[in-house]
Amino acid sequence: MAVAEMLKVRLMIHKSAMNEVISTLQSSGLMEVERLAGDNIESETHEHLDMLPLPDNINILTRLVSEMNYIVNFLSPYAVHRESLLDRLSPSRVPFSQEQFKAVARDYRHYEHTYDELFAIEKRMTEIRNESARLEHDIEELEPWRELGIPLGDVASTGRAMLLMVSVNEKRLPDLIAELERHREPFHIERISVFAGRVYFLFIAISADKEALAIIHKHDPVLWSFSPGTPPAFVKLNQLREELNHLKREMSEMEKQAVAIAADIDTYKAACDYLRLELERYTVLEKVAGTESVTVIDGWVRSKDADELNRRVHVVTPLAEVTFRNPLPGEDVPVSLVNSRLARPFEVITRLYSLPSFRELDPTSSLAIFFFIFFGMALGDAGYGTVMALLSLAGLRFLRLSDSGRNFLQLLLICAISTIIYGAYSKAWFGDLIFPDYDFVGGFITIMIVSLALGAVHLLYAIMVELYDNVRHGDRAAAILDQGSWLLFIAGTLLFSLSRVLSLPTAAAVAGNYLFVFGALASIYSMGRMQKNIPARLAVGLGTFYMSVTGFFGDLLSYLRLLALGLATGGIAVVVNQIARLFRDIPYVGLLLTVLVMVAGHIMNMTINIFGAFIHSTRLQFVEFFGKFYEGGGREFRPFSAETKYIEIIDKEGAG
Amino acid sequence: MDILGIVLAFAGAALAAGLAGIGSSIGVSIVGQVAAGLITEEPGKFGQTLILQALPGTQGIYGLLVAFLVIFKIGAIGTLKAVTPGQGMAILLACLPIALVGLFSAIAQGQAAAASIGLIARRPEELGKGIIYPAFVETYAVLALIASILLLQGVAL
Amino acid sequence: MYNDIRYAYATGRIRSLQKDLVDETTVRRMLETPDEEAAFAVMMETSYAAYATGAGVSDYERMLEAGLIEAYRLVRSISPDGTLTDILLRRYDLHNVRIIIKAEHIGADYKHLIVPMGRVDPDTIAAAWHLRREGWEEGSESSHILPPASQISLPRWLERLLYRAALMIDNSGDLYLVDLMLDKAWFRGLKAWSKENSHYLYAWLVVRIDAVNIMGMLRLRAGGWSRERWREIFIEGGRVSRSKLESLYDLTPEQAAAGLIDTVYRREIEGGLEDYRKCGELSYMEALFEARLLEVLRAERYITFGSQPLLAYLLRKEAEVRALRMVMIGKLNGLPHDIIHKRLRAFLYR
């Protein structure tokens with residue numbers, strides 16, 4: 001249960017060794033570099049330091065990195081090997097040897113050509129998409145005119161006759177005709193088709209008849225015009241379709257090109273990583289200051305790594321001075337967690353919530369034991385536990401994993417063990433598959449009591465952690481008044497109610513009564529103590545006390561989810577077996593069907609319930625447990641390092 | 001054999017599995033749609049959104065569980081037991097908590113989870129909190145499940 | 001229910017895209033650069049870099065436009081309701097109509113003023129305009145106006161506007177009236193649509209209309225225009241009524257401001273007028289109103305899914321393009337830092 005001790009470190013090195021030292025810092029990955037704050041430096045060294053000017057090529061590098069990112073992002077959908085589900089959950093990286101990596105990186109200038117090529121491809125694809133959309137729109141518009149046999153280009157007004165292609169809402173056509181008839185000028189309407197509630201027609205009238213035109217405009221028309229020489233609609237439609245197909249072919253051509261380029265995606269990924277590391281090295285320079293001859297680098301290091309850092313720097317150059325000091329109060333110290341091997345996987349849970357701040361307790365080891373028990377109860381089937389254990393072992397053995405992925409699988413393994421223990425105890429192996437006398441509702445009341453008892457222990461533990469935390473910060477009064485009196489009250493309540501159910505020694509029952517009363521009074525007093533006058537104290541104290549009591553029992557009920565989840569797993573598992581057995585008597589294929597149904601059913605049930613057990617065990621930590629004392633909000637310690645995103649260097653240089 | 005008792009018990013089982021299942025499917029679908037939108041832009045968040053999408057699915061399972069408890073109780077797989085109308089009605093009523101709470105809480109949880117997708121779109125590091133908000137909603141389904149099971153236990157056949 | 005399930009997918013996507021909107025820090029950094037080259041370099045770090053062709057600073061306007069076009073294209077492709085983007089894009093169609101009509105009147109080349117963002121191809125609008133104006137009068141000879149191999153039909157709302165514009169020009173020949181008619185047509189279309197489809201957009205539009213009305217009044221007054229002229233440009237639908245503004249028309253700016261203090265725009269009017277007194281222009285008030293409009297958009301945050309995030313994304317994108325353009329223009333013309341800063345207020349203090 002610990003947040004690692006940190007030391008503030010300052011490197012003062014001769015300028016000539018700067019680049020080498022920075023490279024060493026990157027490859028060792030021990031130190032987080034922090035930007036030197038101006039005032040801070042001057043007061044300490046009595047010498048004016050300037051931020052170092054950045055080299056010009058940082059801009060080029062930035063551009064190159066963004067180009068490589070573009071290449072990789074653009075190509076990934078076209079890369080031939082599809083990523084598996086597992087890959088997506090924890091992406092495995094492409095293995096590269098140090099030598100290959102450097103070779104690829106040396107050639108990066110060539111990749112600019114690829115960038116231009118891809119850029120052109122994407123541009124053309126966008127054009128094709130837009131053009132296709134336009135064609136589709138035109139086709140849609142023209143479709144209603146298909147039956148009009150004459151060339152569309154010939155539909156035009158002549159000197160004397162007005163000839164228009166019009167559509168109006170079908171319902172408005174009678175009105176339109178009626179109005180035109182009232183207008184008493186000759187006209188003709190030639191209906192072509194009705195499409196989506198609009199009627200399409202040719203309108204013929206005398207050219208000079210402006211009034212007819214105005215009448216048409218009153219009815220919300222759409223008018224069509226075509227350039228001379230446009231063929232009949234059906235011919236034109238075929239032309240448009242032909243063009244569209246042509247574009248589609250070109251599109252698939254473009255896609256083929258992209259796929260071809262994507263064959264080399266690993267190379268681009270490597271180049272991208274290489275350039276990013278370079279860029280990172282340069283951006284460190286932004287945080288460094290120096291005089292003519294000395295360069296100063298500030299940062300943080302774990303206390304245990306201090307000597308190693310010192311040694312590594314001195315290996316590179318003798319002209320270096322490395323000083324360490326403890327963090328000052330109020331300083332923003334990065335956080336790195338230190339836990340025993342067994343508790344480390346549970347850091348995943350802590351991180352999921354938020355890292356502790358530097359001066360806070362690391363809750364990982366306290367939550368570990370509870371999470372372990374909760375998960376086992378919530379899943380509660382030894383068969384599923386075994387499958388989970390085997391899968392996570394296989395994953396740990398065969399997958400290339402990042403640290404966090406490894407931790408996660410280890411966590412699953414530990415949880416699987418808990419599940420096996422609990423399941424074996426309650427005889428649940430894939431429901432009632434192995435022990436036909438397994439009764440998933442049988443232990444209902446017992447499990448309910450166990451869930452609630454576990455909840456009570458968890459909640460009491462949280463209060464004690466809170467108490468410890470208050471003591472650690474020197475706030476004894478709060479520790480005794482807030483948590484102390486509350487603990488007395490709860491202990492009293494438990495004794496009091498247990499004495500009603502079980503036969504406890506009389507002394508315990510009496511003690512329980514007194515504790516109950518005294519604890520309640522003390523709690524009411526302490527909860528109201530911030531108020532000024534007596535009535536306010538009483539009111540606030542009583543109010544808060546009431547809220548706390550109901551809150552506590554609400555929290556307690558929440559642990560019933562352990563029971564519910566366990567029941568759900570067991571119940572569905574039993575049902576899967578029952579249904580599967582129904583198939584057993586079918587001749588010939590009976591056995592096969594039974595096995596198939598069982599496998600499918602159990603896989604489904606297991607997946608859903610592993611999810612559920614994980615989420616709800618987590619929730620009990622976050623809401624019921626953390627809610628009492630934990631704030632989080634720490635900043636992760638991120639040492640400046642040579643961490644790659646897409647590829648993995650398989651033969652990393654050893655220490656030194 | 002009294003048919004009415006059996007019918008009422010069947011209705012209870014059907015409601016428990018049916019309503020809670022409807023709720024879950026709506027809830028899961030809501031989250032799925034929002035998630036699909038996010039994944040179009042950021043395929044890397046698939047794992048995170050999957051967790052959120054699974055959340056409103058549990059109500060359906062609770063409903064199914066209660067349905068099976070009823071089925072076992074009245075011996076619907078195998079030989080039917082005699083169920084009086086009164087007992088049948090009691091079974092039906094016992095199924096209602098998970099049926100109704102399952103239906104509404106799954107939809108509500110789906111909405112909360114969909115909002116959490118919006119949260120991880122912007123702050124992927126806050127997944128933990130994004131899971132907690134919808135998980136709160138589920139508490140009530142859990143309580144309803146317990147209530148249903150306790151009530152069912154109380155019906156003596 | 002506040003939430004519209006049809007928008008679930010689209011909202012999920014927009015939530016992710018929102019991250020790429022240019023933030024305050026970036027604009028500030030652009031502002032603090034010494035020259036346009038450096039400002040452009042910062043712009044190359046934003047999502048607009050995707051549209052660069054390597055031509056450098058001179059490319060910025062095209063990049064901004066391309067970014068905006070892409071945003072609209074994307075939203076249109078994911079929105080279950082296509083009218084949502086179309087209604088906003090009408091503004092660009094109307095802009096093009098205006099340019100085409102004016103160009104015809106003056107007989108000048110207009111191609112460079114056309115914004116290729118509307119829903120209707122500007123060439124189609126131009127061809128249709130000429131056809132409608134001349135074609136029917138003189139008969140078939142004029143179909144040479146049509147570009148070769150083209151097919152023309154306009155959406156109904158545009159057909160109607162062109163017809164009305166043609167009538168107006170025939171009757172009075174006053175292009176200014178056509179301008180007004182087109183302006184109002186946009187507001188009217190948006191108002192009708194949002195009343196039906198989106199209270200969220202309607203709330204935004206009300207503020208927008210008020211801003212146009214209030215600043216229109218101050219501008220026209222300063223230009224010595226008559227009250228009657230002002231009455232013509234007034235747009236219905238804002239929160240500040242016509243009679244209220246009209247009663248203030250003849251007063252001094254201070255008195256007018258005092259009369260408007262009890263409206264919800266106190267902050268914009270007080271701040272804007274103070275600056276107006278100092279340097280005689282309304283650009284600061286405009287910026288304040290812009291800030292106010294962006295503020296109205298914020299309600300979108302509490303929506304799990306619906307059309308609101310989509311609308312907010314587009315309107316913010318527009319504001320962002322305006323801000324970036326302002327910085328670039330400022331830098332290109334060597335405007336002092338604080339002048340650009342003032343105009344960017346909407347962006348810098350939200």
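Lettering of chains follows the sequences in order, A, B, ..., and the numbering in each one begins at 1.
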Nearest heavy atoms of [X] and [Y], plus distance in Å:
{"X": "C:L74", "Y": "B:E41", "result": "CD1-OE2, 4.3 Å"}
{"X": "C:T304", "Y": "B:A115", "result": "CG2-N, 3.3 Å"}
{"X": "C:S16", "Y": "B:A121", "result": "N-CB, 4.0 Å"}
{"X": "C:Q18", "Y": "B:R122", "result": "OE1-NH2, 2.8 Å"}

Counting heavy atoms not belonging to [X], are there more than 12 under 6.0 Å from its [atom1]?
{"X": "B:F104", "atom1": "CZ", "answer": "no"}
{"X": "C:R239", "atom1": "CZ", "answer": "no"}
{"X": "C:K19", "atom1": "NZ", "answer": "yes"}
{"X": "B:R123", "atom1": "CZ", "answer": "no"}
{"X": "C:H199", "atom1": "NE2", "answer": "no"}

Distance in Å, B:L38 CG paired with C:I14 CD1, rounded so as to fall on 0.5 Å steps: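 It is 11.5 Å, given to the nearest 0.5 Å.
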Within residues 130-157 of chain B, residues adjacent to chain C where the heavy-atom gap is under 4.5 Å: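 Residues in range: none.
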Part of B:I30 within contact of chain C (heavy atom distance under 4.5 Å):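 Backbone plus side chain of B:I30, per the 4.5 Å heavy-atom cut-off to chain C.
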Part of B:A35 lying under 4.5 Å from any heavy atom of chain C: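 For B:A35, neither part sits under 4.5 Å from chain C.
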Non-hydrogen side-chain atoms of C:I5 and B:Q33 separated by less than 4.5 Å: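 The answer is yes, as the side chains (C-beta and beyond) meet within the 4.5 Å cut-off.
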